[in-house]
Amino acid sequence: MSIEPSIAAENRRAPWYRRLPVVSHFNKSVGLQRGMLVAGLVLTAVFLLTAIFAPLIAPYGFSQISAADGSFPAQEAPGGKHLMGTTVGGYDVFSRVVWGAQTAVLVIVVAVLMSIFIGVALGLVSGYIGGWLDRILVVIADAVYAFPSLLVAIVMAIVISGGRSSLWGGILAAAISITVVFIPQYFRVIRAETIRLKAEPFVESAKVVGASNIRIMSRHIFKNATRTLPLIFTLNASEAILTLAGLGFLGFGIEPTSAAEWGFDLNKALADTTSGIWWTGVFPGLAIVLTVLGLTLVGESINDLNDPRLRGRRAASAGKGGPDSTTAAQAAIAAEVSSS
Amino acid sequence: MTTLIEAPPTDADGLLPTKKKRSGGGLGQYILIRFFLIFPTILILVTMVFFLMRITGDPITAALGGRLPPEQLQERITAAGYDRPIFVQYFEYLGQLITGNFGTTLSDNRKVSEMLTTYGSATLELSINAVLVALLVGIPLGMVAAHRRDKAPDAVLRIFAILCYATPVFFAGMLLKLTFSVWLGWLPVAGRAKTSSELALTALQAPTGIYWVDAVRSGNMAALGDVMAHAVLPAVALGLLTAGIFLRLVRTNVIGTLGKDYVEAGRSRGVSEFRLVTKHAYKPALIPIITVMGLQIAVLLGGAVLTETTFEWKGLGFQLATYLTARDFVAVQGIVVLLAVIVALTNFIVDIVAALIDPRVRY
């Protein structure tokens with residue numbers, strides 16, 4: 001069950017830039033599919049650009065409460081000098097939303113890179129070596145996986161920082177908390193792939209010519225097992241934002257003076273809603289929704305355009321081994337991909 | 001959606017050889033084996049939470065450090081036994097858990113197990129309401145999307161499903177609150193009921209703690225209306241989170257079954273398209289929903305923590321958030337362990353229900 005040979009052959013002939021993950025998907029897409037991919041890419045690009053150019057875009061600092069002409073008014077409605085109004089503490093909402101993008105990107109990059117690194121390494125070793133090590137790792141990963149991810153993140157946040165902290169401390173704490181939640185996912189995917197690949201003839205031939213276990217794992221299996229990673233990356237990035245916002249909402253965010261964080265701002269805005277002050281909460285909330293929406297649209301589109309294997313597995317595990325649901329889902333996806 | 005992709009592999013991946021060998025084993029055997037699998041899961045979680053929380057130091061310093069002079073702090077640590085070797089404490093903690101003693105909170109000196117009975121029912125009520133909303137929204141819309149596949153309604157519903165997932169439950173709650181409570185003034189802002197109805201309900205003999213059940217039992221219609229009004233917004237906020245997942249699941253599965261031979265046979269006999277979708281194609285699509293519901297319990301409980309905080313719904317999640325702010329880690333540990341037990345038990349029940357419905361699940 002791999003990509004259809006015709007598509008694979010096409011890809012091999014195409015120049016390298018047309019084979020890049022997102023570009024090749026774009027070329028494969030048509031109609032609604034392409035619309036969703038483009039919308040996702042635009043939203044994600046806006047998010048990334050905002051994060052990179054935050055110092056230029058934001059009119060004020062994220063913890064600035066006064067300018068040259070005096071302190072900012074508290075809870076001022078949007079308009080005039082403050083595009084999105086000000087909070088009860090006098091922060092400029094627009095600036096904090098912009099700076100929040102930077103915090104979000106930092107956390108996502110650190111978290112996802114760490115979980116890919118650890119998860120892939122553990123998955124390879126566990127799947128390749130097997131035995132009791134594999135059993136133990138699988139049981140632990142399953143236990144962590146079954147548990148509400150937010151609670152795992154809370155426990156980790158307590159362990160790392162005992163609550164909130166400075167910019168880098170806070171970012172690291174949030175990132176590590178999210179990492180712990182995500183490791184089981186990468187672990188699972190890579191382990192399953194490794195077990196499948198272990199039985200392939202090319203691994204056996206590598207063994208016959210005398211390649212070491214480490215070489216087989218790092219060269220032969222790794223390259224074949226990680227094809228699905230770009231997809232998981234996009235999907236996890238969106239979940240990382242939600243987890244970060246959830247942590248911030250429960251007060252495990254980063255202090256407002258060290259960085260801007262959307263979830264934390266929403267927590268503070270909760271008290272404002274009863275008095276009809278909407279701008280302190282709606283704008284950071286919209287930032288979260290649009291960012292997650294963009295990343296999810298990109299991930300979804302890649303998912304739909306990729307080989308049907310991953311979605312097949314998704315339906316299979318959801319249906320707990322009901323063979324019908326797998327084939328049905330795969331047929332549906334195959335039909336969907338070919339028809340759209 | 002991510003939540004679906006993460007779905008765990010089936011047990012066929014070599015984790016449970018004992019189960020695999022029993023192909024064709026009886027239902028009783030399956031239930032028994034599945035039941036004993038609960039314990040390692042809980043044990044691992046309890047162990048991890050215990051040791052992780054202790055890495056940072058003892059709970060008393062965390063809660064009261066800086067507020068008490070060092071000698072007094074030390075005195076309290078010794079009194080609580082936190083200066084003993086960690087493994088002694090660990091096994092003592094396990095022993096206490098077996099007898100149902102989850103410890104005593106530091107900030108307000110209450111039994112954690114008592115908290116379960118007081119606030120657990122509130123969380124249960126919220127979860128039930130949310131699942132109802134999710135099913136009522138997700139299943140019909142999923143059928144519509146499957147029926148009008150690749151047409152405009154399908155596109156709109158797919159975007160809606162992604163939006164459901166992309167909106168953090170506390171932001172959804174905040175928007176609902178702003179719209180329906182603050183601007184329109186139709187529904188109450190927060191809480192589970194007005195103080196008067198709360199008093200009326202607690203006066204009831206042997207209250208279940210699930211307010212609408214109590215209100216129905218007491219026949220107090222004013223209280224029932226009040227309780228219902230309070231329950232709407234939190235249920236919708238939390239329910240929409242899962243509704244998107246159900247929608248997509250129903251859509252994919254109904255599309256799958258619509259292509260089956262028996263549906264084609266029905267169509268050739270002149271069964272209407274509406275009846276085909278609602279009667280023939282959707283029933284097989286419900287089986288995966290039941291298993292996914294088990295996985296959603298974790299999502300739901302995580303979401304409940306945030307929803308309860310948003311709506312001041314006094315349940316376990318609300319308490320958890322409160323204790324987190326108070327740095328009362330004994331209470332936090334207690335609630336986390338308790339939720340671990342709930343998750344493990346629900347997954348067990350869901351697996352059994354799935355096995356009852358679909359014999360193929362029993363290995």
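In what follows, every chain begins at residue 1, and chains take the letters A, B, ... in the order their sequences are listed.
With a 4.5 Å cut-off on non-hydrogen atoms, V343(B) touches chain A through its side chain but not through its backbone. Looking at I335(B), neither its backbone nor its side chain comes within 4.5 Å of chain A, counting heavy atoms on both sides. With a 4.5 angstrom heavy-atom cutoff, V332(B) touches chain A only via side-chain atoms. Both the backbone and the side chain of L266(A) come within less than 4.5 Å of a heavy atom in chain B.
Note that CG of N267(A) and OG1 of T309(B) are 8.5 Å apart. Values are rounded to the nearest 0.5 Å. Summarising the geometry, atom CG belonging to L163(B) is positioned 8.5 Å from atom CG belonging to L297(A); distances are rounded to the nearest 0.5 Å. Of the inter-residue distances, the one linking L242(A) atom CG with Y165(B) atom OH reads 5.5 Å to the nearest 0.5 angstrom. Here the straight-line distance linking atom CD1 of I44(B) with atom CD1 of I136(A) works out to 9.0 Å at 0.5 Å rounding.
Residues passing the side chain to side chain contact (heavy atoms under 4.5 Å, CB included) test with I42(B) are I38(B), V46(B), V341(B), A344(B), sequence neighbours excluded. Qualifying side chain to side chain contact (heavy atoms under 4.5 Å, CB included) partners for S126(A), counting only residues two or more places apart in sequence or in other chains: D134(A), L137(A), F187(A), R191(A).
With chain B as the partner, the residue from L150(A), V289(A), I140(A) showing the most heavy-atom pairs under 4.5 Å is V289(A). Listed options L306(B), L301(B), L300(B) were ranked by heavy-atom pairs under 4.5 angstrom with chain A; first place goes to L306(B). Ranked by heavy-atom pairs shorter than 4.5 Å toward chain B, the options P284(A), A39(A), G246(A) are led by G246(A).
Nearest heavy atom pair, residue I288(A) against residue P168(B), reads CG2-CG, 3.5 Å. When all heavy atoms of L286(A) and F171(B) are compared, the pair lying nearest together is N-CZ, 3.5 Å.
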